[in-house]
Amino acid sequence: MPELPEVETTVRGLERILKGRRIARVEARRPDLRRALPVDLGQRLTGSIVVDLDRRAKYGLVGTDRGDSLVFHLGMSGHWRVDPTEVGKHDHFIIETDEGRRVALNDPRRFGSLDLVRTDQLSSWALFAALGPEPLAITAEELKARLAGRSASIKLLLLDQRIIAGLGNIYVCEALFRAGIHPRRAGGSVSLGRLKRLVPAIHDVLAEAIAAGGSTLRDFASPDGELGYFSKSFAVYGRDGQPCAGGGTVRRIVQGGRSTFYCPHCQR
Ligand SMILES: [Zn+2]
C-alpha cells in the first residue's frame with residue numbers, strides 16, 4: 001500500500017513531467033474509482049497550465065492556473081505510469097501534456113480517488129479540514145498537546161489522521177522502535193522528553209524513505225516507469241521472530257486489527 005514517502009516520490013516524479021506544461025488532453029476511462037470522478041474534470045483541466053504540485057497527508061495535489069487542484073489518492077494499489085507505450089486495462093485516467101508526454105493513473109483495485117477542489121479552498125475541503133499536522137512538520141510540543149489525556153495506545157493514536165496526518169503503519173512501527181517507545185503505552189502518558197526522541201525519529205524514517213524513493217526517480221526517464229514504488233529495508237516491520245539490532249527479538253502483535261512489529265527488549 002502506498003504510504004506517505006511513496007506519495008511524496010510520486011508527486012516529485014509527476015512534477016518533472018507536468019509542472020509548467022499545458023494539459024493538452026485528459027481522458028477519464030471510467031466514471032469512478034472509489035467514488036465518482038467529477039463530471040467536469042476534463043473540461044476544467046484541459047487547456048490549463050500546471051503551476052504547482054504538492055502533497056497533503058497521503059494525497060497528491062496538481063494545481064492549475066485556473067485555480068483548481070486535482071487531488072489524487074492512490075488507495076491500496078494505485079500508481080502513475082509515465083509515458084506508457086500502450087494504455088492498459090487498469091489505466092483509468094490519463095493526462096497528456098503539450099509536449100506529448102503522458103501519465104496514466106493505474107489502479108487495479110480502484111480504492112484510489114480523484115477530486116477537483118478550488119486551490120484556495122483546500123484547507124477547508126471536507127477530507128482535509130479534520131486532518132492533523134503533517135508528520136514532517138509537527139513538533140514534540142504540538143504532539144504532546146494532541147496526545148494529552150488520551151488513554152489509547154500511542155501506536156493507534158499515531159495512526160489517527162486527526163492527530164497526525166498521513167503516517168501509516170510501517171512508519172509508526174519504525175519510529176516507535178527508534179524512539180524506544182512500547183507501542184501499547186498510553187499516548188497521554190508518553191513524556192515530552194520521549195516525544196522529543198519520537199518526533200525526530202518520525203521525521204528521519206520518512207525522510208530516509210523519501211530519499212530512497214528519490215534515488216529511483218532517475219529510472220522514470222524510461223518508458224512505462226512506475227512512480228512511487230521502491231524497495232526499502234526496515235528495522236522491525238515485517239521481521240517477526242528475527243533479531244533486532246539492539247539484541248532482542250522482534251515480535252508481532254495486533255492492535256486495532258493491524259499488525260504491530262516491535263522489540264520488547266528495546267521498547268518500553
Ligand atoms: Zn531490540
Side-chain angles (χ1 to χ4, degrees), residues 1-9 55 57-58 74 76 132-216 228-268:
M1 188 189 322
E3 291 222 29
L4 187 151
E6 285 87 349
V7 180
E8 180 70 27
T9 302
R55 177 191 57 75
K58 289 201 272 182
L74 298 172
M76 305 283 286
E134 285 289 319
L136 285 165
I138 199 166
T139 65
E141 289 78 8
E142 222 176 333
L143 186 56
K144 178 78 183 152
R146 292 180 163 267
L147 296 172
R150 302 294 298 264
S151 58
S153 70
I154 183 73
K155 161 78 193 296
L156 291 182
L157 290 170
L158 291 175
L159 286 175
D160 184 337
Q161 304 295 297
R162 294 164 296 186
I163 289 177
I164 183 168
L167 205 50
N169 199 32
I170 293 173
Y171 297 100
V172 168
C173 292
E174 293 292 308
L176 286 172
F177 172 72
R178 286 195 191 191
I181 298 172
H182 197 288
R184 282 202 171 120
R185 179 171 286 278
S189 78
V190 182
S191 68
L192 182 61
R194 303 190 83 197
L195 293 179
K196 283 186 173 170
R197 288 211 302 274
L198 176 62
V199 167
I202 290 170
H203 294 173
D204 289 351
V205 291
L206 292 174
E208 287 166 21
I210 290 167
S215 69
T216 69
Y229 286 79
F230 43 90
S231 58
K232 296 169 291 240
S233 57
F234 301 115
V236 286
Y237 190 83
R239 301 191 64 240
D240 187 21
Q242 296 178 42
C244 104
T249 301
V250 177
R251 292 252 178 86
R252 186 185 82 94
I253 54 173
V254 175
Q255 292 178 283
R258 304 182 68 185
S259 291
T260 299
F261 296 92
Y262 77 109
C263 173
H265 175 72
C266 300
Q267 293 173 255
R268 300 292 159 117

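Indexing begins at 1, ligand by ligand and atom by atom, following the structure's order. Along the sequence shown, residues are numbered consecutively beginning with 1. Because only heavy atoms are used, hydrogens play no part in the values below, and waters and symmetry mates are left out as well, while side chains stay in.
The nearest pair of heavy atoms linking Gly188 to Lys144 is O-NZ, 3.9 Å. Here the closest heavy-atom approach between residue Glu3 and residue Ile170 is recorded as OE2-N, 3.2 Å. Nearest approach of Val250 to Cys244, heavy atoms of both residues: CG2-CB, 4.0 Å.
Of all protein N/O/S atoms, those lying under 2.8 Å from the Zn ion (ligand 1) come to 3.
Just one residue in the list Val190, Leu159, Val172 forms a side-chain contact (heavy atoms from CB on, under 4.5 Å) with Ile154, and that residue is Val190.
Sorted by first then second residue, the ring-ring contact (aromatic ring centres under 6.0 Å, His included) pairs that include residues 180-209, not counting sequence neighbours, are His182-Tyr262.
More than 12 non-hydrogen atoms from other residues, nucleotides or ligands lie less than 6.0 angstrom from CZ of Arg55.
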